[in-house]
J.: 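Below you will find the structure I want to go over with you.
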Amino acid sequence: MSAPQNMTLIVDGEEKQVNTGTTGAELFFERRDVVVMRVDGVLKDLDQPLPEDAKIESVTIDSPDGLNVLRHSTAHVMAQAVQQLRPDAKLGIGPYITDGFYFDFDVEEPFTPDDLKTLEKMMLKIVNQNQKFARRVVTEDEARAAMADEPYKLILLDKSAEADEAGEGVNVEVGAGEITIYDNVDRKSGDTIWCDLCRGPHLPNTKLISNAFALTRSAAAYWLGNEKNKQLQRIYGTAWPTKEALKAYQERLAEAERRDHRKLGSELDLFSFPDELGSGLPVFHPKGGIVRKAMEDYSRQRHTEAGYDFVYTPHITKGHLYEVSGHLDWYRDGMFPPIHVDETRDAETNEVVKPGQDYYLKPMNCPMHNLIFRSRGRSYRELPLRMFEFGSVYRYEKSGVVHGLTRVRGMTQDDAHIYCTREQMKDELTSTLNFVLALLKDYGLDDFYLELSTKDPEKYVGADEAWDEATRTLAEVAEASGLELVPDPGGAAFYGPKISVQARDAIGRTWQMSTIQLDFNLPERFELEYQAADGSRQRPVMIHRALFGSVERFMGVLIEHYAGAFPAWLAPVQVVGIPVAEAFNDYMGEVIAKLKAAGIRAEADFGSDRFPKKIRTASKDKIPFVLIAGGEDAEAGAVSFRFRDGSQDNGVPVDDAVARIVEAVRNRDHQL
RNA sequence: GCCUCCUUAGCUCAGUCGGUAGAGCGUUUCACUCGUAAUGAAAAGGUCGCCAGUUCGAUUCUGGCAGGGGGCUCCA
């Protein structure tokens, strides 16, 4: 061995002189919070020696990279525990995910909730053993020998060349380049207790995992995410640098559960899903009906102002329409099966005398709007022609995907189709995007980013040249909006690219809301034409757009966004009047009458409950304005406000109170 | 569609090792008339998701179906 030589490194932006062969662990010896490092931009284990002139960045356990490494290492600890508990378990893949990790196993028997508890205890033991994560570079043959009992790992080795495309998480295990195995090594004996084929990097040791982890659920998942493959048993877990961070995460989940629109929908008596109707078919109760009507009324008003025409189309149609549109080719499985009618058979021979027709429930409105366009000759002077409809559509969603109001089988889209010339296309897209964003803001969502979904090479129709132009135009419009733009390659519908608006709700979750899709294809299929200024016949461009997506889904999102506490303009009951005692019923009644006369949804609570109980009831109903009247108020011709946050405003003259409420409703004030 | 768990009063949930069930909230009635999140009492309310099978007897055990939860796959 040669004598140590000095070399220069840039460590977190500062130049440093160290001996050659220095490892990250030595470099960050005094920084206990540093768990891995970036060497010239690449994440590496701390025990790796540092190359000369390298740029080194420390990665702490609470940084995004550090959290990923923590979670991936926790996944390894879990897998080790699983193979102790179930020696038959074969390893699938085990990557980190947002807020946690999972690991897939092929096991004889699925895991039970008790298994998860047992595993957590076993994991804690492993953590406390302070096993070392040791990286080992191996040849493919060595890897195959080490993984001889792990059939799925052998498949991964077969796939290593194409690992990056093989499926979610695969590149965590193997990748192009060298093959590595991570050994879990016992501190005292130096024995390898467990190992896994893995790219790493990992924490230096299991102790750093501490006790801030939990196994959250187990479920089946297809091997490599392919429905045709075997299902493995997946265990999900979460891991955090501190117990406090774990608690905060669990509190976030609890908050999401409190906001669940399915729970609030029944608590607030908004809607239900009667078994008698079938899966994914909601009914809206009177209170939910008010919310829905308020949503729809405002949407109609804004569409009228924005130059849309209102059309109406039936819920069912002969199948031919969807042959022309192509939907039967592409989405037959997602449609309810046909209703066969008008067939006539010979009374004696039972032979078909007249063939009959297949009618389908409509899964899309666009073909019908095309028929309206085509119902007579169109002039360029009519364009852009904007047709809007609250169109009810029915989709045969697979039984396992139906979910509350967000994924249903019968829904109402706020659907519009804009027919315009190619020259008008860009302006029309720009104004549509602005319209959509402005309207979403009025409903209380104001934190957006955009997603640009482009052609799926496996599933599309139409000329490449048209797709390119459409995609370019959408990208330009999206960029002009100034919002963040996320590419979604292959995410487009078969007939054209789209922009979708993703909105973040009050607790930071994102929802796909509005979509704007360009379509060069349906106008072709339906042979749509208009007469241009020069007398020639031209094909219009079609823009599909929906703001809510579906009214049902949007209501679900708003319920969760507002946690059921709707702004006054959407609230089923806007005001509840509570007299302090029965003696003030008449006075309260007059105030409520004034509010009703002003168009406010106001009710008085003259029930036999005591006063505090009535406050509690109004509070649980999330009423925006509770008005209270007692002796002091009546004498002064006033009324007292109690707001949802518990704050108050006492002694407000009745006329001022009415004006204030009317104002808040008219302004669609989000706070109330 | 696949894996897994679940389904008892309007809601949230106990319970029956196979002998047809109970609480809290809500509802109704009576009393109380009260100044900011639960007044007291009484009553009503259940073919224990549906259909079969086993059994003298099934809400309980078995199977099928429906509906739901959590995932996977899918989402025009």
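As a basis for the values below, the full set of heavy atoms in this structure was taken, side chains included, without hydrogen atoms, waters or symmetry mates. In what follows, chains are A, B, ... by sequence order, proteins preceding strands, each numbered from 1.
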J.: Nearest to the side chain of A:Arg395, which nucleotide is it out of B:rA76, B:rG68, B:rC74?
T.: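 Among B:rA76, B:rG68, B:rC74, the one nearest the side chain of A:Arg395 is B:rA76.
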J.: Is the distance from OP1 or OP2 of B:rU36 to the nearest side-chain N or O of A:Arg644 less than 4.0 Å?
T.: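 No, outside the criterion.
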J.: For A:Trp467, does its backbone N or O pair with a side-chain atom of A:Tyr460 as donor and acceptor, under 3.5 Å?
T.: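 No.
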J.: Is the positively charged end of A:Arg409 above the ring of A:Tyr396, judged by distance under 6.0 angstrom from the centroid and angle within 45° of the axis?
T.: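 Because its charged atom sits under 6.0 Å from the ring centre and within 45° of the axis, A:Arg409 does stack over A:Tyr396.
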J.: Applying a 4.0 Å non-hydrogen cut-off, can you work out what A:Asp609 is touching in the nucleic acid: base, sugar-phosphate, or nothing?
T.: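 Contact class for A:Asp609: none.
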J.: How many Å lie between CD on A:Glu109 and P on B:rC3, as a whole number?
T.: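 Distance, rounded to whole Å: 14 Å.
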J.: Atom NZ of A:Lys613 to atom P of B:rU39: distance rounded to whole Å?
T.: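 Taking NZ of A:Lys613 and P of B:rU39, I get 6 Å after rounding.
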J.: If I take atom CZ in residue A:Arg234 and atom P in nucleotide B:rG71, what distance separates them, rounded to the nearest angstrom?
T.: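 Value for this atom pair: 11 Å.
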J.: Considering only atom C1', compute the distance from B:rU59 to B:rU7 and round it to an integer number of Å.
T.: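 Nearest-Å result for B:rU59 against B:rU7 at atom C1': 12 Å.
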J.: Reckon A:Gln233 touches a base, only the sugar-phosphate, or nothing at all at heavy-atom distances under 4.0 Å?
T.: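 Contact class for A:Gln233: sugar-phosphate only.
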J.: Kindly point out which of B:rU39, B:rG67, B:rA37 is positioned nearest to the side chain of A:Arg610?
T.: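 The answer is B:rU39.
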J.: Under 4.0 Å between a side-chain N/O of A:His403 and OP1 or OP2 of B:rG68, yes or no?
T.: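 No, no such contact exists.
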J.: Assign each of A:Ala221 and A:Ser266 to its nearest nucleotide of RNA chain B by heavy atoms, then name whichever residue's nucleotide is nearer the 5' end.
T.: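 The 5'-side residue here is A:Ser266.
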J.: Report yes if a side-chain nitrogen or oxygen of A:Arg217 is closer than 4.0 Å to either non-bridging phosphate oxygen (OP1 or OP2) of B:rG71; otherwise report no.
T.: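 The answer is yes; a side-chain N or O of A:Arg217 sits under 4.0 Å from OP1 or OP2.
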J.: Under the 3.5 Å rule, do the base of B:rU73 and the side chain of A:Glu227 count as making a donor-acceptor pair?
T.: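 Absent.
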J.: On RNA chain B, nearest-nucleotide positions of A:Phe584 versus A:Gly404: which is more 5'?
T.: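 It is A:Phe584 whose nearest nucleotide is closer to the 5' end.
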J.: Looking only at the side chain of A:Arg616 (C-beta and beyond, no hydrogens), which of the listed nucleotides B:rA38, B:rG71, B:rC74 gets closest?
T.: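 The listed nucleotide nearest to A:Arg616's side chain is B:rA38.
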J.: At 4.0 Å (heavy atoms only), tell me whether A:Gly326 reaches a base, stays on the sugar-phosphate, or touches nothing.
T.: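 The residue A:Gly326 makes no contact with any strand.
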J.: For A:Lys614 and B:rU33, give me the distance from atom NZ to atom C1', rounded to whole Å.
T.: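 The distance from NZ of A:Lys614 to C1' of B:rU33 comes to 9 Å, rounded to the nearest Å.
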J.: Go through B:rC3, B:rA76, B:rG35 for me and flag the one nearest to the A:Ser640 side chain.
T.: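 Nucleotide nearest to A:Ser640's side chain: B:rG35.
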J.: Contact between A:Leu433 and A:Ile516 at the side-chain level, heavy atoms closer than 4.5 Å - yes or no?
T.: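 Side chain of A:Leu433 against side chain of A:Ile516, heavy atoms only: contact under 4.5 Å found.
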J.: From the options A:Val82, A:Thr74, A:Leu91, select the one residue that forms a side-chain contact (heavy atoms from CB on, under 4.5 Å) with A:Phe103.
T.: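 The residue from A:Val82, A:Thr74, A:Leu91 that satisfies side-chain contact (heavy atoms from CB on, under 4.5 Å) with A:Phe103 turns out to be A:Leu91.
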J.: Over how many whole Å does the gap from A:Asn229 atom CG to B:rC3 atom C1' extend?
T.: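 Taking atom C1' of B:rC3 as the reference, CG of A:Asn229 is at 14 Å.
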J.: What parts of residues 313-325 of chain A reach RNA chain B, counting only heavy atoms under 4.0 Å away?
T.: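 Going residue by residue through residues 313-325 of chain A, none turns out to have a heavy atom under 4.0 Å of RNA chain B.
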J.: Scan the side chains in residues 633-643 of chain A for donor-acceptor partners under 3.5 Å anywhere in the protein, sequence neighbours excluded, and list what turns up.
T.:
unit_1: A:Asp633; atom_1: OD1; unit_2: A:Ser640; atom_2: OG; d: 2.8
unit_1: A:Asp633; atom_1: OD2; unit_2: A:Gly630; atom_2: N; d: 3.2
unit_1: A:Ser640; atom_1: OG; unit_2: A:Asn650; atom_2: OD1; d: 3.4
unit_1: A:Ser640; atom_1: OG; unit_2: A:Gly651; atom_2: N; d: 3.4

J.: Considering all heavy atoms of both residues, which atom of A:Asp415 and which atom of A:His369 are nearest to each other, and what is their separation?
T.: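 Scanning both residues completely, I find the closest heavy atoms to be O-CE1, 4.3 Å.
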J.: How far, in whole Å, is B:rC61 from B:rC48 if one measures between their P atoms?
T.: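 About 15 Å, rounded to a whole number of Å.
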J.: When you compare B:rU16 with B:rG22, how far apart are their P atoms, in angstrom units rounded to a whole number?
T.: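 Taking atom P in both B:rU16 and B:rG22, they lie 13 Å apart.
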J.: Hey, is the main chain of A:Phe548 close enough, under 3.5 Å, to the side chain of A:Arg553 for a donor-acceptor pair?
T.: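 Not at all, since once roles are kept as given, no pair shorter than 3.5 Å links the two residues.
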J.: With sugar-phosphate meaning primed atoms plus P, OP1 and OP2, does A:Ser218 contact a base, only sugar-phosphate, or nothing at under 4.0 Å between heavy atoms?
T.: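 Here A:Ser218 touches no strand at all.
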J.: Report the stems of RNA chain B as range-with-range entries sorted by first number; a stem here is at least three consecutive pairs, Watson-Crick or G-U wobble, both distances under 3.5 Å, and write none if there are none.
T.: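 Only these stems qualify: B:1-7 with B:66-72, B:10-13 with B:22-25, B:27-31 with B:39-43, B:49-53 with B:61-65.
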